[in-house]
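Below is one structure, written out as structure tokens; the observations come after it.
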Amino acid sequence: MRVAPRTAAVVAALTVAALAVSVLLAGTGDYPMGPSAVLRTLAGQGTAAEEFIVLDLRLPRLLVALLTGVALGLAGAVFQAVSRNPLGSPDIIGFTEGTAAGALVAIVVLNGSSAVVAAGAVGGGVLTGLAVYLLAWRRGVHGYRLVLVGIGAAAMLGGVRHYLLTRADLVDAARAVLWMTGSLDGRDWSHVWPLLITCAVLVPVVLGRGRPLRMLEMGDDAARALGVAAERTRMVVMGAAVLLTAAATSAAGPIAFVALTAPQLARRLTRAAGPNLLPAAVMGALLMVAADLVAQQAFGDRRLPVGVLTGVLGGGYLLWLLWTERRAGRV
């Protein structure tokens, strides 16, 4: 196992930063707590009120933010590596729209509970991933074809989503719009466990395919010459990335642009070739908790859903990325 010193240092620094922001976030709210009080409570030495606030109210929200960031960052790194395109992320190629459409079917058509909505989101994401893969496959799945098919799928699913909203009654439409904004409000342990189990199973699967995925970035012919089963590797990592995206979206709603920006920021920090899977995952976790902290603190009493903040900042990053790609002659 080869470890690049700079990459290891970046992962360690991002991990420390994510944990530090998490402690600050756990102390934020109507009952503010200092970092020392939060750490004391997590160690089991807090008062009954502090334990209720931190462990029962704030810790589930914090864990959902961290796990969602890990899942989206890792999924974004996989799709960008498979497509060999910085725009190849679940936001752009339709998988987030698929999960949103599945959730809206559960809300508007089935009038389902939170569990049904989560299942609908996962089902929509999986079906979208399968459809995009099959439509993009032509003696393998390559580059811009995956991105273009995904953009088309996102446009179609966006139309389906808007149609469902027009057919919903006022209560269901308000519930659907709130879910589609992407928010961590009201998250409890029932949201944590499915996402934690999904990450515990799929994150090692993806990380274990890091070397073959790096070989795939050189092209299928070069990867096969190095002993990599190109199509099988691509199917495994894409399937895992689709499930990670669907699980994250079912827990927190469609959080925009984290999957797009986390791998790119991680790569710029590590300056290393390859998909940078672990740095992207940790960067995604840091982006999520930092965005949630800013959304709660920066606007006074008007606390924004985290999806609003990531959408605004991520949109600006996307414009900058397109501009730099155009200057480099790749767009």
Is [Y] close to [X] at the side-chain level, that is, under 4.5 Å between some pair of heavy atoms?
X: Ser89; Y: Phe79; result: no
X: Leu42; Y: Leu55; result: yes
X: Thr99; Y: Thr128; result: no
X: Leu286; Y: Val282; result: no
X: Pro275; Y: Val78; result: no
X: Glu97; Y: Met156; result: no

Inter-residue atom distance [X].[atom1] - [Y].[atom2], 0.5 Å rounding:
X: Leu24; Y: Gln297; atom1: CG; atom2: CD; value: 9.0 Å
X: Leu213; Y: Thr233; atom1: CG; atom2: OG1; value: 8.0 Å
X: Asp172; Y: Leu164; atom1: CG; atom2: CG; value: 11.0 Å
X: Glu50; Y: Thr41; atom1: CD; atom2: OG1; value: 4.0 Å
X: Thr96; Y: Phe257; atom1: OG1; atom2: CZ; value: 10.0 Å
X: Arg268; Y: Met283; atom1: CZ; atom2: CE; value: 11.0 Å

For [X], is the [atom1] atom crowded, meaning more than 12 foreign heavy atoms sit under 6.0 Å from it?
X: Arg211; atom1: CZ; answer: no
X: Arg6; atom1: CZ; answer: yes
X: Trp189; atom1: CH2; answer: yes

Least distance between heavy atoms, [X] atom then [Y] atom:
X: Ala246; Y: Ala121; value: CB-O, 4.3 Å
X: Ala252; Y: Val64; value: CB-CG1, 4.4 Å
X: Ser250; Y: Ala118; value: CB-O, 3.6 Å
X: Ala77; Y: Ala280; value: CB-CB, 3.8 Å
X: Gly27; Y: Arg58; value: C-NH1, 3.4 Å
X: Ala106; Y: Gly120; value: CB-CA, 4.5 Å

Can [Y] be reached from [X] by stepping across I, L, V, M, F, W or Y side chains whose heavy atoms are under 4.5 Å apart?
X: Val201; Y: Val236; result: no
X: Trp320; Y: Leu269; result: yes
X: Trp323; Y: Leu313; result: no
X: Leu196; Y: Leu19; result: no
X: Leu74; Y: Val205; result: no

Check each of Thr249, Leu309, Leu287, Leu72 against Ile255 using the side chain to side chain contact (heavy atoms under 4.5 Å, CB included) test, and report the only one that passes.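 One option only clears the test, and that one is Leu72.
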
Picking from Val126, Val132, Leu244, what satisfies side chain to side chain contact (heavy atoms under 4.5 Å, CB included) with Phe95?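 One option only clears the test, and that one is Val132.
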
Show the numbers, then the answer: is there a side-chain contact (heavy atoms from CB on, under 4.5 Å) between Leu260 and Gln80? CA-CA 8 Å; Leu260 176 70; Gln80 290 178 16; 4.1 Å; yes

Using side chain to side chain contact (heavy atoms under 4.5 Å, CB included) as the criterion, list what pairs up with Val16, not counting sequence neighbours.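 With neighbours one apart ignored, the set is empty.
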
Pairing residues for Leu62 by the side chain to side chain contact (heavy atoms under 4.5 Å, CB included) criterion, not counting sequence neighbours: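 Per chain and number, Leu62 pairs via side chain to side chain contact (heavy atoms under 4.5 Å, CB included) with Ser22, Leu25, Ala26, Leu59, Leu66, Val289.
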
Could you tell me whether the side chain of His191 and the main chain of Asp188 form a donor-acceptor pair under 3.5 Å?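 Judged by distance alone, yes, a pair lies under 3.5 Å.
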
Ser183 (side chain) donor-acceptor with Pro305 (main chain) under 3.5 angstrom: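 No.
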
Output, in order, the C-alpha distance, side-chain angles, deciding distance and verdict of side-chain contact (heavy atoms from CB on, under 4.5 Å) for Asp56 and Glu51. CA-CA 7 Å; Asp56 294 337; Glu51 289 183 356; over 6 Å; no

Mind running side-chain contact (heavy atoms from CB on, under 4.5 Å) on Val192 and Arg187 for me, showing each step along the way? CA-CA 8 Å; Val192 173; Arg187 296 303 180 264; over 6 Å; no

Would Arg61 and Asp292 count as a salt bridge (Lys or Arg N to Asp or Glu O under 4.0 Å) if you check the C-alpha gap in whole Å, the side-chain angles of each, and the deciding distance to 0.1 Å? CA-CA 10 Å; Arg61 175 190 181 117; Asp292 193 30; 2.8 Å; yes

Does Asp30 have any salt bridge (Lys or Arg N to Asp or Glu O under 4.0 Å) partners at least two apart in sequence or in another chain, and if so, which?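 Per chain and number, Asp30 pairs via salt bridge (Lys or Arg N to Asp or Glu O under 4.0 Å) with Arg303.
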
